[in-house]
Amino acid sequence: MATLRDGTTLVVHNIAWGYDDGDDSAHVTTNISPRLDGTTIDFFCTSDVVSLADPQTGAALHST
């Protein structure tokens, strides 16, 4: 689970990422490949992520 700076929490199963010229942080598209039924496709920058947690245990994987 990814929590963004604006308070949005996203369920993330897989990602595609990349950088545009001059960017300091990557852009991320979630749940796009493979596509999973019932999941949303989301787009954000890594600079917007404030925490990552295991969805099953709630254990923190990363926080800023």
Side-chain angles (χ1 to χ4, degrees):
M1 309 229 358
T3 302
L4 305 182
R5 189 180 315 250
D6 68 1
T8 302
T9 299
L10 306 172
V11 177
V12 177
H13 295 278
N14 57 64
I15 67 168
W17 59 274
Y19 287 88
D20 291 327
D21 287 342
D23 284 353
D24 292 329
S25 59
H27 56 267
V28 177
T29 304
T30 67
N31 307 326
I32 192 81
S33 181
R35 179 78 173 108
L36 301 172
D37 290 338
T39 62
T40 61
I41 296 171
D42 299 294
F43 183 84
F44 56 89
C45 290
T46 54
S47 60
D48 293 329
V49 176
V50 294
S51 67
L52 299 172
D54 182 307
Q56 293 179 341
T57 65
L61 302 173
H62 169 77
S63 65
T64 58

ask   = Do the non-hydrogen side-chain atoms of L4 and V50 ever get within less than 4.5 Å of each other?
value = no

note = Output for pair (I32 CD1, D42 CG), nearest 0.5 Å, gives 10.0 Å

Nearest non-hydrogen partners of D54 and T57, listed with the distance = OD1-N, 3.1 Å

task = Would you check if I41 and T29 make a side-chain contact, meaning some heavy-atom pair closer than 4.5 Å?
result = yes

key: Nearest non-hydrogen partners of H27 and Y19, listed with the distance   = CE1-N, 3.7 Å

query = Looking at side-chain heavy atoms only, is the closest gap between V28 and T46 below 4.5 Å?
reply = yes

ask   = Just wondering, more than 12 heavy atoms not from D20 lying within 6.0 Å of its CG?
value = yes

task = Drop me the distance from N31's CG to D37's CG, to the nearest 0.5 angstrom.
result = 11.5 Å

query = N14 side chain to P34 main-chain N or O, any donor-acceptor pair under 3.5 Å?
reply = yes

note = Here the gap from L10 atom CG to T39 atom OG1, rounded to the nearest 0.5 Å, amounts to 11.5 Å

remark   = Nearest heavy-atom contact between A53 and L61 is C-CD1, 3.8 Å

message = As an exercise, state the distance from CD of Q56 to CE of M1, rounded to the nearest 0.5 Å.
response = 11.5 Å

key: Between OG1 on residue T8 and CZ on residue F44, distance to nearest 0.5 Å   = 10.5 Å

